Amino acid sequence: MSLNGLNSLYREVILDHSEHPHHKQSLPSATNKITLKNPTCGDVINLEIKLDGDKITDIGFTGEGCTISQSSASMMTDAVLNKTTTESLEMAHIFSDMVMGKEHFQADLDKLGDAAILSSIMQFPARIKCATLCWWALRKSLGDEDDD
């Protein structure tokens, strides 16, 4: 696929998740809730997770933000739904490393689903916080306070 084709696909996936976000909802039965803000650009995410044991059985987000933050949240919720907390935290670390330009095996990136397309966000350092806000919310809501 040409570079033009890849850029077009990238834009289409981002816009689709932004205009038609998956799991953009409040969860009255959530077991874990967190709100994070990106003061740099004003993005806000309210992440709500329903755990059954160690498994994410439902997930939702609300809040406002730029196209990147909203798209990333939609992609993240798709990726971690029905995963264990361990699998979800592993994915959050892979995503964080990916947008910072660290190398990963393709099998690791495949775990991220559509979110892997955000790997090119590292070319826009000001947008990295937008893309990672929801993933940080996931980590903090699941008790992972480690800084990368």
Side-chain angles (χ1 to χ4, degrees), residues 1-27 30 32-51 56 58-148:
M1 183 179 280
S2 70
L3 184 56
N4 248 358
L6 284 174
N7 285 335
S8 179
L9 175 64
Y10 169 82
R11 282 191 301 272
E12 286 178 33
V13 172
I14 298 291
L15 288 174
D16 185 54
H17 275 279
S18 177
E19 293 171 2
H20 310 287
H22 305 172
H23 313 285
K24 190 161 188 179
Q25 62 188 356
S26 184
L27 295 180
N32 300 47
K33 295 181 181 186
I34 191 165
T35 297
L36 288 185
K37 298 175 184 175
N38 179 356
T40 306
C41 66
D43 296 335
V44 176
I45 185 166
N46 306 299
L47 183 65
E48 299 180 6
I49 299 170
K50 182 176 181 185
L51 292 175
I56 297 175
D58 206 357
I59 189 165
F61 74 98
T62 58
E64 298 299 323
C66 68
T67 299
I68 297 296
S69 73
Q70 296 297 289
S71 296
S72 186
S74 176
M75 294 176 199
M76 184 268 300
T77 57
D78 281 347
V80 301
L81 184 62
N82 296 314
K83 300 289 190 289
T84 66
T85 57
T86 301
E87 292 169 319
S88 300
L89 290 172
E90 176 189 16
M91 292 163 68
H93 285 273
I94 291 168
F95 185 86
S96 182
D97 287 350
M98 176 191 74
V99 297
M100 297 305 293
K102 295 182 183 175
E103 294 287 323
H104 275 283
F105 293 110
Q106 188 60 48
D108 286 337
L109 298 178
D110 289 345
K111 293 175 185 177
L112 300 177
D114 282 353
I117 204 163
L118 291 170
S119 64
S120 62
I121 204 77
M122 69 184 147
Q123 298 171 11
F124 308 98
R127 306 304 294 211
I128 292 173
K129 286 185 180 181
C130 302
T132 57
L133 183 64
C134 63
W135 293 92
W136 276 106
L138 175 72
R139 288 176 61 177
K140 289 185 178 291
S141 71
L142 297 179
D144 182 7
E145 301 291 332
D146 292 338
D147 290 334
D148 282 331

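This is a predicted model, so every value here is computed, not measured.
- Two residues are said to be in side-chain contact when any heavy atoms from C-beta on lie closer than 4.5 Å; S88 and K83 meet this criterion.
- Atom CD1 in I59 sits 9.0 Å away from atom SG in C134 (nearest 0.5 Å).
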For side chain to side chain contact (heavy atoms under 4.5 Å, CB included), just list the numbers for L112 and M91, CA-CA rounded to whole Å, side-chain angles, deciding distance to a tenth of an Å, and then say yes or no.
CA-CA 6 Å; L112 300 177; M91 292 163 68; 4.0 Å; yes
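- You'll find the side chain of D110 stays beyond 4.5 Å of the side chain of F105, heavy atoms only.
- The closest side-chain heavy-atom distance from R127 to C66 is below 4.5 Å.
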Applying side chain to side chain contact (heavy atoms under 4.5 Å, CB included), run through L109 and I94 and close with a yes or a no.
CA-CA 7 Å; L109 298 178; I94 291 168; 4.2 Å; yes
Before you tell me yes or no, could you show the steps for D144 and R139 under salt bridge (charged side-chain N to carboxylate O under 4.0 Å, His left out), namely the whole-Å CA-CA distance, both residues' side-chain angles and the distance that decides it to 0.1 Å?
CA-CA 5 Å; D144 182 7; R139 288 176 61 177; 3.2 Å; yes
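- Counting only heavy atoms from C-beta outward, the side chains of L138 and L47 approach each other to under 4.5 Å.
- Annotation: side chain of S120 is in contact with side chain of Q123 (closest heavy-atom distance under 4.5 Å).
- Between V44 and L36 the shortest side-chain heavy-atom distance does not fall below 4.5 Å.
- The minimum heavy-atom distance linking V80 with I56 is given by the pair O-CB, 3.8 Å.
- Counting only heavy atoms from C-beta outward, the side chains of S69 and N38 never approach each other to under 4.5 Å.
- Listed for the S141 side chain is a donor-acceptor partner under 3.5 Å among the backbone atoms of A137.
- Here the straight-line distance linking atom CD1 of I68 with atom CZ of F124 works out to 8.5 Å at 0.5 Å rounding.
- Annotation: E19, atom CD; neighbour count of heavy atoms from other residues, nucleotides and ligands within 6.0 Å is above 12.
- Distance alone, capped at 3.5 Å, is enough to place a donor-acceptor pair between the E48 side chain and the L27 backbone.
- Between the CG atom of D114 and the NE2 atom of H22 there is a distance of 7.5 Å, given to the nearest 0.5 Å.
- Few gaps surround NZ on K33; more than 12 heavy atoms of other groups in view lie less than 6.0 Å from it.
- The distance from atom CE of M100 to atom OG of S119, rounded to the nearest 0.5 Å, is 14.0 Å.
- For K129, the NZ atom sits in a loose shell: 12 or fewer heavy atoms of surrounding residues, nucleotides or ligands are nearer than 6.0 Å.
- No side-chain donor-acceptor contact under 3.5 Å links S18 to the backbone of I14.
- Atoms CG and CG, on L51 and L142 in that order, are 6.0 Å from each other to the nearest 0.5 Å.
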Kindly indicate, with the supporting measurements, whether the criterion side chain to side chain donor-acceptor pair (under 3.5 Å) is fulfilled by E87 and T84.
CA-CA 5 Å; E87 292 169 319; T84 66; 3.3 Å; yes
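- When all heavy atoms of I121 and I128 are compared, the pair lying nearest together is O-CG1, 4.0 Å.
- Around the NZ atom of K50, the shell of radius 6.0 Å holds no more than 12 heavy atoms that belong to other residues, nucleotides or ligands.
- For the atom pair OG (S72) and CG (L133), the distance works out to 8.5 Å, reported to the nearest 0.5 Å.
- Considering all non-hydrogen atoms of both residues, T62 and S26 come closest at CG2-N, 4.0 Å.
- Contact of the D58 side chain with the I49 side chain is not registered, since no non-hydrogen atoms from C-beta on lie closer than 4.5 Å.
- Contact between P39 and K37 at its shortest, heavy atoms only, is CD-O, 3.3 Å.
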E103 vs D97, side chain to side chain contact (heavy atoms under 4.5 Å, CB included): CA-CA, chis, key distance, verdict
CA-CA 8 Å; E103 294 287 323; D97 287 350; over 6 Å; no
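- In this structure, Q106 places its CD atom where more than 12 heavy-atom neighbours from other residues, nucleotides or ligands lie under 6.0 Å away.
- The minimum heavy-atom distance between D43 and G65, with the atom names listed, is OD1-CA, 3.1 Å.
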Verify side chain to side chain contact (heavy atoms under 4.5 Å, CB included) between N46 and F61, making sure each step is shown before the conclusion.
CA-CA 5 Å; N46 306 299; F61 74 98; over 6 Å; no
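- Between K111 and A79 the shortest heavy-atom distance is O-CB, 4.3 Å.
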